[in-house]
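Notes follow once the structure below has been shown.
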Amino acid sequence: MRAPRSVLITGASSGIGAALAVEYAAPGVRLALCGRDPDRIGAVAESCRAKGAAPAARVLDVTDEANVAAWIDEVDDAAPLDLVIANAGVAGSRFGAGEGDAAVRRLFAVNVDGVVNTVLPALARMRARRRGQIAIMSSLAAFRGFPGAPAYSASKAAVRAWGEALRGRHARDGVEISVICPGFVVSRMTADNPFPMPMLMSAERAAGIVRRGLTRNRGRIAFPWPMYALVRLVAALPDRMIDPIMRRLPEKE
Ligand SMILES: NC(=O)c1ccc[n+]([C@@H]2O[C@H](COP(=O)([O-])OP(=O)(O)OC[C@H]3O[C@@H](n4cnc5c(N)ncnc54)[C@H](OP(=O)(O)O)[C@@H]3O)[C@@H](O)[C@H]2O)c1
């Protein structure tokens with residue numbers, strides 16, 4: 001997808017999603033943006049408007065299947081979507097209980113069900129017209145279960161595998177599907193991480209990398225590359241070598 005004119009982004013009210021909204025904002029570009037906080041999503045829409053785009057902010061929880069589908073249909077009816085970015089996500093610490101039982105269920109609901117709720121209605125529309133692009137926000141945490149964030153790693157692994165499989169399945173339908181796997185990015189999600197975050201980058205820089213990857217229709221947009229290489233190595237090592245290291249990794253809380 002070279003220069004999308006109709007773009008929908010979930011979780012656009014802060015961090016990477018907000019930076020992506022601003023990255024795609026330009027005269028003539030329609031942006032459908034969602035988040036749960038009206039002030040935050042409104043402020044991001046204003047920033048996009050200042051760049052000449054036509055943003056429409058929606059207060060929406062991605063776990064609400066019916067409302068997400070209705071929103072996507074409404075936006076797509078008004079201007080057929082060129083690009084949908086299923087970005088909304090949460091990490092355990094957001095719930096104040098790390099990955100306690102309730103937090104684990106909520107995390108899967110947002111990070112997995114929320115992505116499914118976004119992708120399925122968009123995919124149906126794009127397949128019908130044989131055109132469109134979908135990006136799924138995963139993480140470098142998807143390549144290995146990390147003891148500090150078990151449910152988070154698992155949720156990101158699920159959507160990564162799903163997205164990569166959908167890419168092959170729907171290539172002949174004219175729909176481009178990519179999976180985004182960032183390392184550490186400055187956002188509300190990482191703001192209170194009490195441990196060093198190697199190669200931490202700004203959300204703006206991450207958004208630029210994502211956009212370039214999507215423009216080239218890359219299947220997996222994983223960055224920064226040294227961190228990507230490291231997680232691939234960690235995932236490939238035998239348990240007896242990696243378990244002692246994994247047990248010493250810090251937790252989010
Ligand atoms: N930061 C990193 O280091 C990093 C690395 C790899 C992957 N990621 C992924 O990148 C994505 C964005 O995270 P971020 O780092 O930018 O964190 P963030 O600043 O906390 O942004 C998360 C976004 O998702 C929205 N959101 C959360 N739950 C939602 C729900 N139920 N319904 C609708 N929107 C919801 C939030 O908006 P409201 O709170 O207003 O609803 C916010 O806009 C996530 O999927 C995350 O897992 C982040």
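Owing to the predicted nature of the structure, the values given are computational and were not obtained by experimental measurement. For the single chain, residues carry numbers from 1 onward in sequence order. Just so you know, ligand 1 is whichever comes first in the structure, and atom 1 is the first atom listed for that ligand. FYI, side chains are in, hydrogens and waters are out, and symmetry mates aren't considered; it's all heavy atoms of this structure.
- Below 3.5 Å of separation, one finds an N or O of Val185 facing an N or O of ligand 1.
- At a 3.5 angstrom cut-off on N or O pairs, Thr63 does not count as close to ligand 1.
- Of the candidates Ser187, Gly15, Gly183, it is Gly183 that places a heavy atom closest to atom 4 (C) of ligand 1.
- A distance-only check finds a donor-acceptor pair linking the side chain of Glu99 to the backbone of Ala151 [under 3.5 Å].
- The residue among Ile16, Asn111, Thr10, Leu20 with a heavy atom at the shortest distance from atom 16 (O) of ligand 1 is Ile16.
- Residue Ser13 places at least one N or O, backbone or side chain, under 3.5 Å from an N or O of ligand 1.
- Selection from Ala21, Ser138, Ala88, Cys34 by nearest heavy atom to atom 26 (N) of ligand 1 gives Ala88.
- Counting only residues at least two apart or on different chains, no salt bridge (Lys or Arg N to Asp or Glu O under 4.0 Å) pair has a member in residues 147-157.
- The closest approach between any non-hydrogen atom of Leu60 and ligand 1 is below 4.0 Å.
- In terms of N/O distances under 3.5 Å, ligand 1 is not approached by Leu140.
- Remark: ligand 1 and Ser139 share no N or O pair separated by less than 3.5 Å (distance only, no angle test).
- Taking any N or O of Gly11, backbone or side chain, at least one lies under 3.5 Å from an N or O belonging to ligand 1.
- Here's the thing with Val62: one of its N/O atoms is less than 3.5 angstrom from an N/O atom of ligand 1.
- Applying the ring-ring contact (aromatic ring centres under 6.0 Å, His included) test to pairs two or more places apart or on separate chains, none has a residue in residues 150-182.
- For the residue pair Val179 and Glu164, the shortest heavy atom distance occurs at CG2-N, 3.7 Å.
- Contacts between Lys156 and ligand 1 below 4.0 angstrom, taking non-hydrogen atoms only, involve the side chain exclusively.
- No hydrogens or angles considered: nothing links the side chains of Arg58 and Asn67 as a donor-acceptor pair under 3.5 Å.
- Within a 6.0 Å sphere centred on CZ of Arg125, other residues, nucleotides and ligands contribute more than 12 heavy atoms.
- When the heavy-atom distances from atom 22 (C) of ligand 1 to Gly89, Ala12, Ala206 are ranked, the shortest goes to Gly89.
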